[in-house]
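So the structure is just underneath, and the comments pick up after that.
Below, chains carry the letters A, B, ... as their sequence lines are ordered, and counting in each starts from 1. If you're wondering where the values come from, they're calculated on a predicted model, not measured in any experiment. The figures that follow rest on heavy atoms only: side chains count, while hydrogens, waters and symmetry mates do not.
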Amino acid sequence: MSHETDPNRVESEADDASRERALSEQQLVRRDKLARLQAAGNDPFAQLTWKQTHHSAGIKRDFEALENQDVSVAGRVMSFRDIGKAAFIDLQDRDGRIQVYLNAEGLGDDAYAEVKTWDVGDIVGVEGYVFRTRRGEISVHAKRMVLLTKALEPLPEKFHGLKDPELRYRRRYLDLVMNPQVMDTFRKRTAIIKAIRQYLDEREYIEVDTPILSTIASGAAARPFVTTSNALNLQLYLRIATELYLKRCVVGGMERVYDMGKNFRNEGIDIRHNPEFTMIELYQAYADYKDMMELCENMVAFAAEKATGSAKVVYQGTELDFSPPWRRVTMTDAVKEYGGIDFAGVKDDEAARELARKHGLDAELKKKLKDCTKGDILNAAFEKFAESKLIQPTFVMDYPTDISPLTKQKPGDPTMTERFEAFVFGRELANAYSELNDPIVQRERFSQQARERELGDDEAYMLDEDFIASLEVGMPPTGGMGIGVDRLIMFLTDSYSIRDVILFPTMKPNS
RNA sequence: GGGCCGUUAGCUCAGCUGGUAGAGCAGCAGACUCUUAAUCUGCGGGUCGGAGGUUCGAUCCCUCCACGGCUCACCA
């Protein structure tokens, strides 16, 4: 790592010695064992392949057919119970663990003595026959064992495992080795993502890759990461959404299109937010937000069944039922139901501001009250009174135009849009709308966003001229939706923190 | 960014009103041919996160810093 330029230090044998001394006793023991193996011409790091005929779960599943048959397995030594002239190893592979029984009769005296010098953590190959011990444990009786990789570090404690959250996230490989639940969560993550792709691919969506680097970060309200292109001598942003590019694809004639990948938002980090996170956005021509609602509930239920076997899951002790149809409620009705405030009768912005003062909504508002519209205040009331109450999957429909700059207005009510968000366990899971395709209105909306920016909202949408130009070419009526994939995975894997569903969450480097 | 909490052996954790540190697992040596958190005997292993301060003396009290966890704010 960083043994860099200290002019007072001279690279020498003394340095090597000091580094040696920095190693723990256990590290030295393992390095000595490695050196002895290498000196004897048995370098475990020179091993190239191992033929795995079976995995642990398969042997247990097919025991009756495999009993007394030879198998070849490989994996990491998780425990070593040496009882003298025989020993037991717990071998862990991709699927779990299988016990290996070894003695001098099976391996020969020399090989048996050799294997006894191996360590917990080493990766080994085993050939032998399948049998069941007197205690009933399905095992492999070893005939031949090869040390395939030497572990120079001891593993965490075998019973308590690796608990320290910092170590679990920084050294996820150890977390995966030690905590089977972690492997299970990430296998489910893959199953969920595959299910989403399957669901959309079967419905003739095409998957595309839109740019991560661009000169404008738009399509969402968020602060972007900034980077620099040396070749172009240009400041670039990492994308905060894929929306504006996917709509260009719809303009171009891709009637059903999606992009599932990383977005980057330069915001706070907590149990629900990682700076890079996986989002799917999908767009369907000749559809509206009601079609998106059906797509959302059906696709999520499909993914839940594929990953967990059921559309009902338990999340943090609460059963969540993703079976369609999900509850539908307008934002106005939700605020009335949970906050007792009726916005239907509010005539203008000033009347809404009066309500905001009365109900103490200042904390929820992004700007000064005098700059707030009725829509801003309705949304604030929703966030304060209703959002956290929406535990079962719920579509909240009809968002104020002021906070929905890319959304088509509701017929007959220009203050509201054809937009919904799906809430689960009080958290936003999906955001969808009938896409605004009028380029003239779209330009006005961006102008309004520019004014918001001047009022202090540094997350207001940036104007993208080429996107407007694409709308001028003509985008059919289109429904679009974004789903926070990590959040969906959290619900379906009962994960408390987003860091438990991202293999390598963003961390500060530790010195 | 604010508040609270944490950082002690490779890992999981103790450590009393301040007197220079313990256990279990892991390791090393030995015993044991059906164990599975194997068991039994013996032994070694520490920059107590870092830097200052108070004190005769600091793992312990104070200050600052680093990293992490929770939480509030912001956001998805």
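- Whole-Å rounding puts the A:Arg427 CZ to B:rC74 P distance at 17 Å.
- For A:Met178 and B:rG10, the CE to C1' distance is 11 Å, given to the nearest whole Å.
- Taken to the nearest 0.5 Å, the CG atom of A:Leu390 stands 11.0 Å off from the CD atom of A:Glu421.
- Ranking B:rC34, B:rG10, B:rC74 by closeness to the A:Glu459 side chain, first place goes to B:rC74.
- Judged by distance alone, the side chains of A:Gln284 and A:Tyr205 do bring a donor and an acceptor atom under 3.5 Å apart.
- Applying the Watson-Crick and G-U wobble criteria (two distances, each under 3.5 Å), B:rA29 pairs with B:rU41.
- Contact between the side-chain N/O atoms of A:Arg135 and the OP1/OP2 oxygens of B:rU36 is found at a separation under 4.0 Å.
- Across all strands shown, the partner of B:rC64 is B:rG50, judged by Watson-Crick or G-U wobble contacts whose two distances both fall under 3.5 Å.
- Nucleotide B:rC74: unpaired (no Watson-Crick or G-U wobble partner with both distances less than 3.5 Å).
- Between B:rC65 and B:rG2, the two P atoms lie 9 Å apart (nearest whole Å).
- No side-chain N or O of A:Arg419 forms a donor-acceptor pair with one of A:Thr407 less than 3.5 Å apart.
- Applying the salt bridge (charged side-chain N to carboxylate O under 4.0 Å, His left out) test to A:Lys389 and every residue at least two apart in sequence or in another chain returns nothing.
- Relative to the side chain of A:Ala221, the nucleotides B:rG10, B:rA37, B:rA76 differ in distance, and B:rA76 lies closest.
- Within 4.0 Å (heavy atoms only), A:Asp486 reaches no atom of the nucleic acid at all.
- Summary of the strand contacts: A:His141 and A:Tyr169 both lie near RNA chain B, and taking for each the nucleotide with the nearest heavy atom, the more 5' one is attributed to A:His141.
- In this structure B:rU55 sits in no base pair that meets the Watson-Crick or G-U test at under 3.5 Å.
- Residues from residues 492-499 of chain A placing a heavy atom under 4.0 Å of any atom in RNA chain B, listed by number, are A:Tyr496, A:Arg499.
- Taking atom OH of A:Tyr173 as the reference point, atom P of B:rC11 lies 11 Å away to the nearest angstrom.
- Side-chain to base pairing of A:Glu157 with B:rA26: no donor and acceptor N or O lie closer than 3.5 Å to each other.
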Between A:Phe423 and A:Phe382, does a ring-ring contact (aromatic ring centres under 6.0 Å, His included) hold up when you go through it step by step? CA-CA 12 Å; A:Phe423 288 88; A:Phe382 172 76; 5.3 Å; yes

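- RNA chain B is contacted by both A:Glu383 and A:Lys508; A:Lys508 maps to the nucleotide lying nearer its 5′ end (nearest heavy atom per residue).
- Ring geometry for A:Tyr101 against A:His141 counts as perpendicular: the plane angle is over 60°, on a 0 to 90° scale with 30° as the lower cut.
- Distance from the side chain of A:Leu167 is smallest to B:rC11 among B:rG69, B:rC70, B:rC11.
- Taking only side-chain atoms of A:Tyr101, from C-beta outward, the nucleotide of B:rA76, B:rC32, B:rC34 with the closest atom is B:rC34.
- Nucleotide B:rA21 has no partner under the Watson-Crick or G-U criteria, as no pair reaches both atom distances under 3.5 Å.
- No option in A:Lys247, A:Met481, A:Met292 other than A:Lys247 meets the side-chain contact (heavy atoms from CB on, under 4.5 Å) test with A:Tyr283.
- Base pairing of B:rA9 is not made with any nucleotide, judged by Watson-Crick or G-U wobble geometry with both donor-acceptor distances under 3.5 Å.
- Judged by distance alone, with hydrogens and angles left aside, A:Glu25 brings a side-chain donor or acceptor within reach of the base of B:rG44, the pair sitting under 3.5 Å.
- For A:Tyr315 and A:Phe491, the ring centers are positioned less than 6.0 Å apart.
- Within the structure, every side-chain polar atom (N or O) of A:Lys116 is placed at least 4.0 Å from both OP1 and OP2 of B:rC32.
- Judged by distance alone, with hydrogens and angles left aside, A:Ser79 brings no side-chain donor or acceptor close enough to the base of B:rU36 to form a pair under 3.5 Å.
- Side-chain nitrogen and oxygen atoms of A:Lys163 include none within less than 4.0 Å of the OP1 or OP2 phosphate oxygen of B:rU12.
- OP1 or OP2 of B:rG68 has at least one side-chain nitrogen or oxygen of A:Arg170 nearer than 4.0 Å.
- A:Leu34 has its CG atom 17 Å from the P atom of B:rG27, to the nearest Å.
- Atom-to-atom, CG of A:Leu155 to P of B:rA26 comes out at 12 Å; the value is rounded to the nearest Å.
- Nearest heavy-atom pair, A:Ala220 versus A:Ile240, reported as atom, atom and distance to 0.1 Å: O-CD1, 3.4 Å.
- For A:Asp270, the side-chain atoms get nearest to B:rA73 when compared with the rest of B:rA73, B:rG44, B:rC34.
- Going from atom CD1 of A:Ile269 over to atom P of B:rG68 covers 8 Å, rounded to whole Å.
- Side-chain proximity of A:Glu166 to the nucleotides B:rC67, B:rG10, B:rA73 is greatest for B:rC67.
- Proximity note for A:Met507 (side chain, C-beta onward) versus B:rG69, B:rU33, B:rU36: the nearest is B:rG69.
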